[in-house]
Amino acid sequence: GENVEQHPSTLSVQEGDSAVIKCTYSDSASNYFPWYKQELGKRPQLIIDIRSNVGEKKDQRIAVTLNKTAKHFSLHITETQPEDSAVYFCAASSSGANNLFFGTGTRLTVIP
Amino acid sequence: DVKVTQSSRYLVKRTGEKVFLECVQDMDHENMFWYRQDPGLGLRLIYFSYDVKMKEKGDIPEGYSVSREKKERFSLILESASTNQTSMYLCASSLRSGRFEQYFGPGTRLTVT
């Protein structure tokens with residue numbers, strides 16, 4: 001089955017700086033890579049996703065990049081704000097599969 | 001507005017008790033999932049279901065069973081609760097095709113004493 005590894009497990013940045021979270025996956029058949037954000041005490045919510053037919057996707061201050069050859073993908077948050085503080089999970093899936101394989105999460109703290 | 005609800009936010013049970021956790025979604029989603037979330041371990045899939053009466057084991061099914069008698073409802077059953085099942089349990093649902101986005105419930109924090 002798929003194995004998704006996520007680093008770092010914790011990340012602290014100053015407000016306004018950028019944050020990068022990296023994930024690797026093992027199954028070359030995986031072609032869908034979402035990122036979920038979980039604020040303290042709340043449920044995980046999808047913030048951005050990418051499919052394997054593109055190498056990068058941006059949505060305002062967040063972007064995701066994908067390197068299929070190396071089997072890794074990353075989340076980039078620019079101009080971080082205190083409300084970006086949360087746990088972020090990456091995941092991978094292949095089309096036709098019904099389930100996602102999640103990484104272990106990164107706790108991001110943005111220091112005002 | 002999409003909605004996934006879980007029967008309890010907090011639950012305290014004794015070792016050996018049978019525990020039922022219920023999840024209901026109102027989005028007509030085919031897929032439903034049960035995860036447990038523990039610090040440092042992320043979201044681990046217990047079971048999922050892609051249709052009524054269908055179920056598939058996830059990564060950590062031992063000690064759990066599930067039931068899906070209706071499309072909107074997915075139950076997680078702990079046949080005989082143990083202290084190592086103390087955790088946060090999250091339910092989710094998604095469409096079977098098209099967008100794979102999973103919508104999560106608020107979670108149930110289960111404590112087994």
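In what follows, chains carry the letters A, B, and so on, assigned in the order in which the sequence lines appear, proteins first and then strands, with residues in each chain numbered from 1. The structure presented is a predicted model; accordingly, all values stated were derived computationally and were not measured. Side-chain atoms are counted along with the backbone in the values below, which use heavy atoms only and exclude waters and symmetry mates.
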Check whether B:Q37 gets within reach of chain A through its side chain, its backbone, both or neither, counting any heavy atom under 4.5 Å.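 The side chain, not the backbone.
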Side chain, backbone, both or neither: which part of B:L41 has a heavy atom under 4.5 Å from chain A?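 When you check distances to chain A, only backbone atoms of B:L41 fall under 4.5 Å.
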Quick one: closest heavy-atom pair of B:Y103 and B:V4, and the distance?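 Where B:Y103 meets B:V4 most closely, the heavy atoms are O-CG2, 3.5 Å.
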If you take the centroid of each ring, where Trp contributes its six-membered ring, are B:Y35 and A:F102 closer together than 6.0 Å?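 Yes, the ring centres sit under 6.0 Å apart.
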Where does A:P44 contact chain B at under 4.5 Å (heavy atoms): side chain, backbone, both or neither?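 Contact with chain B involves both backbone and side-chain atoms of A:P44.
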Portion of A:Q38 that has a non-hydrogen atom of chain B nearer than 4.5 angstrom: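 For A:Q38, side-chain heavy atoms alone lie under 4.5 Å from chain B.
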Partner of A:E2 under side chain to side chain donor-acceptor pair (under 3.5 Å), chosen from A:S30, A:S94, A:S93: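 Option passing the side chain to side chain donor-acceptor pair (under 3.5 Å) with A:E2: A:S30.
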From CA spacing to verdict: salt bridge (Lys or Arg N to Asp or Glu O under 4.0 Å), A:D49, A:K57: CA-CA 8 Å; A:D49 55 12; A:K57 184 176 179 181; 3.0 Å; yes
